[in-house]
Amino acid sequence: MKKKLLSLCPIADQTARTRMTEFYDITELEKCTEEELFARAGTFEALIVPYTANMLVTERVIDKAANLEIIASSYGGTRQNIADIYAIRKGIKVLHTGASRERPMAEYTLALVLCSFLRINNYYHDMCSGEWPRFKYPRSRILKDRKVAVIGYGRIGKAIADLFKNFTGDISVVSRHLSAEEAKADGVKTVELNTAFAESEVIILAGGNTPENHHLVGAEQFALMRKDALFVNIARGAMVDETAMAAAAVEKPIFLALDVFETEPLPENSPLRNRENVLITPHRANNSIEFEERWKCLAEDLVSLAKGGLPDSVLTEERAKTMSES
């Protein structure tokens with residue numbers, strides 16, 4: 001007998017939907033509030049949850065949904081609108097579509113680094129302003145053989161490291177969860193946070209935003225950065241002391257490439273705006289059309305669960321605690 005699946009949003013990929021219907025009777029809603037979901041609780045075994053800014057799958061929904069076996073996030077993260085730890089402790093399988101984010105996030109990170117190194121953003125801005133800045137800036141750099149450090153080695157951090165191996169063999173990783181043996185097998189080396197900032201030419205923040213990681217990077221780390229080093233943040237703004245970072249960008253000959261900020265939208269009067277050594281983008285690292293592969297990832301994982309498998313996207317309590325909100 002097929003399991004009953006309630007999707008709290010339309011399933012955008014019809015191929016993925018057809019795949020799911022082999023094992024699930026699907027009901028799709030245009031949208032749903034927590035109150036409406038609570039009223040329906042107990043009528044389904046599986047649940048697909050879209051991005052919402054508010055908590056949707058609350059503990060009381062989970063308690064009432066006596067038949068609930070699977071909660072699947074269609075967007076990536078789970079913490080912002082699913083009581084994920086509570087669900088996992090009750091034996092419910094919680095899964096996310098993180099696999100669809102890996103390559104888009106890695107390529108966007110690469111683009112930020114290359115644009116910063118080659119000053120493409122500076123040239124573009126100046127030429128749009130009517131200048132011809134051919135000789136305005138010092139000679140630029142390429143990425144080949146540069147020392148790169150990646151902070152955080154989850155799905156996205158590993159994808160970034162793997163992509164950057166096409167440019168350099170000198171990649172370090174800052175991670176609480178990666179052993180020296182695992183690092184060696186992956187062709188990277190482990191270092192401490194301060195070592196990464198003191199020795200690397202490119203430092204990329206890619207870890208999860210958790211309470212323990214609030215302002216993980218601050219004045220101490222920026223003070224260690226070498227001349228012309230580049231700090232990239234595609235993780236979360238709250239992980240960086242933005243005031244200290246902005247001050248460092250004024251006081252030191254360093255570069256920043258930032259897609260996320262402590263306050264979003266970025267305030268109009270932010271000191272990070274209009275600086276030659278700062279490249280900023282509006283939290284769009286995961287905006288490529290390939291992110292829609294999430295539906296195929298979700299379909300295959302739901303089918304795997306229906307067949308008795310355990311896909312890698314199913315969260316453990318430990319993994320859930322290290323993930324950022326979407």
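Quantities reported herein were computed from a predicted structural model and do not represent experimental measurements.
- Put simply, CE on Met245 and CD on Gln221 are 12.5 Å apart, with the number rounded to the nearest 0.5 Å.
- Proximity of a side-chain donor or acceptor of Asn213 to a complementary backbone N or O of Gly208 within less than 3.5 Å is detected.
- Between atom CZ of residue Arg17 and atom CE of residue Met20 there is a gap of 9.0 Å, rounded to the nearest 0.5 Å.
- Under the 4.5 Å side-chain heavy-atom criterion for ILVMFWY residues, no single connected hydrophobic cluster contains both Phe164 and Ile203.
- Contact between Leu68 and Ile92 at its shortest, heavy atoms only, is O-CG1, 3.5 Å.
- Asp259 and Glu264 get closest at one heavy-atom pair: O-OE2, 4.4 Å.
- Hydrophobic clustering, with ILVMFWY side chains joined whenever heavy atoms are under 4.5 angstrom apart, groups Tyr153 together with Val148.
- Remark: Lys321 engages Glu317 in a salt bridge, criterion side-chain N to carboxylate O under 4.0 Å.
- Both tests pass for Arg60 against the ring of Phe38: distance under 6.0 Å to the centre and angle within 45° of the axis.
- With hydrogens and angles ignored, the 3.5 Å screen pairs a side-chain donor or acceptor of Ser324 with a backbone N or O of Asn209.
- Atom CZ of Arg40 has 12 or fewer heavy atoms from other residues, nucleotides or ligands within 6.0 Å.
- For Ile234 against Ile160, the heavy-atom pair with the smallest separation is CD1-CD1, 3.9 Å.
- Here Phe117 and Phe255 keep their ring centres 6.0 angstrom or further from each other.
- Annotation: side chain of Thr190 is not in contact with side chain of Glu182 (no heavy-atom distance under 4.5 Å).
- To the nearest 0.5 Å, atoms OG1 (Thr78) and CZ (Arg319) are separated by 10.0 Å.
- In this structure, the side chains of Ile70 and Tyr24 come closer than 4.5 Å at one or more pairs of heavy atoms.
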Practice item. Step by step, work out the side-chain contact (heavy atoms from CB on, under 4.5 Å) result for Lys158 and Val173. Key: CA-CA 9 Å; Lys158 187 178 187 307; Val173 171; over 6 Å; no
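- Side chain of Glu102 to main chain of Ala159: no donor-acceptor pair is present (N/O by atom type, distance under 3.5 Å, no hydrogens or angles).
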Exercise for review: Apply side-chain contact (heavy atoms from CB on, under 4.5 Å) to the pair Ile151 and Leu216, showing each step before the final yes or no.
Suggested key: CA-CA 10 Å; Ile151 304 168; Leu216 174 70; 4.1 Å; yes
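- Few gaps surround NZ on Lys147; more than 12 heavy atoms of other groups in view lie less than 6.0 Å from it.
- A side-chain contact (heavy atoms from CB on, under 4.5 Å) with Leu6 is found for exactly one of Ile26, Asp25, Leu37, Val49, namely Leu37.
- The backbone N or O of Glu199 lies less than 3.5 Å from a partner atom in the side chain of Arg226, making a donor-acceptor pair.
- The neighbour count for Tyr124 OH, taken as heavy atoms of other residues, nucleotides or ligands under 6.0 Å away, does not exceed 12.
- Two residues are said to be in side-chain contact when any heavy atoms from C-beta on lie closer than 4.5 Å; Leu315 and Ile88 meet this criterion.
- Atom NZ of Lys3 has 12 or fewer neighbouring heavy atoms from other residues, nucleotides or ligands inside a 6.0 Å radius.
- Side chains of Glu192 and Thr195: no donor on one and acceptor on the other come within 3.5 Å.
- Asp63 and Tyr86 share a side-chain donor-acceptor pair at under 3.5 Å.
- Inspection of the Glu212 and Thr210 side chains reveals an N or O donor paired with an N or O acceptor under 3.5 Å.
- Under the 4.0 Å criterion applied to side-chain N and carboxylate O atoms, Glu45 and Lys2 are not assigned as salt-bridge partners.
- Taking 4.5 Å as the limit, some side-chain heavy atom of Ser74 sits within range of a side-chain heavy atom of Trp295.
- The environment of NZ in Lys184 is sparse: at most 12 heavy-atom neighbours from other residues, nucleotides or ligands sit within 6.0 Å.
- Counted by atom type alone, Glu34 and Asn54 present zero donor-acceptor pairs between their side chains at under 3.5 Å.
- Criterion: ILVMFWY side-chain heavy atoms under 4.5 Å apart, direct or through other members. Under it, Leu193 and Ile254 are part of a common hydrophobic cluster.
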Practice item. Begin from the C-alpha positions of Tyr108 and Asn287 and carry the test side-chain contact (heavy atoms from CB on, under 4.5 Å) through to its verdict. Key: CA-CA 9 Å; Tyr108 196 94; Asn287 193 43; over 6 Å; no
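- Between the side chain of Glu201 and the backbone N or O of Arg146, no donor-acceptor pair lies under 3.5 Å.
- One hydrophobic cluster, built from ILVMFWY side chains closer than 4.5 Å, holds both Met239 and Val217.
- Thr18 and Thr21 get closest at one heavy-atom pair: O-OG1, 2.6 Å.
- Ring orientation note: the planes of Tyr51 and Tyr75 are tilted relative to one another, at an angle of 30° to 60°.
- Minimum interatomic distance between Val240 and His215 (heavy atoms only, all atoms of both residues): O-CD2, 3.4 Å.
- Remark: the backbone N or O of Pro50 is paired with a side-chain donor or acceptor of Asn81 at under 3.5 angstrom.
- At a threshold of 4.5 Å between non-hydrogen side-chain atoms, the residues Leu305 and Pro311 count as touching.
- Arg275 is listed as a side-chain neighbour of Val250, based on a closest heavy-atom distance under 4.5 Å.
- The shortest distance between side-chain heavy atoms of Glu290 and Ser100 does not fall below 4.5 Å.
- Members clustered with Ile120: Leu118, Ile142, by chain and number, using a 4.5 Å side-chain heavy-atom cutoff among hydrophobic residues.
- Ala249 and Leu256 make their closest contact through CB-CD1, 3.7 Å (heavy atoms, listed as atom of the first residue, atom of the second, distance).
- Glu276 pairs by the side chain to side chain donor-acceptor pair (under 3.5 Å) definition with nothing, not counting sequence neighbours.
- Counting heavy atoms from C-beta on, the side chains of Leu8 and Thr52 never come closer than 4.5 Å.
- How far CG of Leu230 is from CE of Met225: 7.0 Å, rounded to the nearest 0.5 Å.
- Of the charged side-chain nitrogens involved, at least one lies within less than 4.0 Å of a carboxylate oxygen, so that Glu292 and Arg294 count as a salt-bridged pair.
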**Study point:** Worked check of side-chain contact (heavy atoms from CB on, under 4.5 Å) between Lys93 and Leu310
**Key:** CA-CA 9 Å; Lys93 292 179 174 60; Leu310 188 67; 3.8 Å; yes
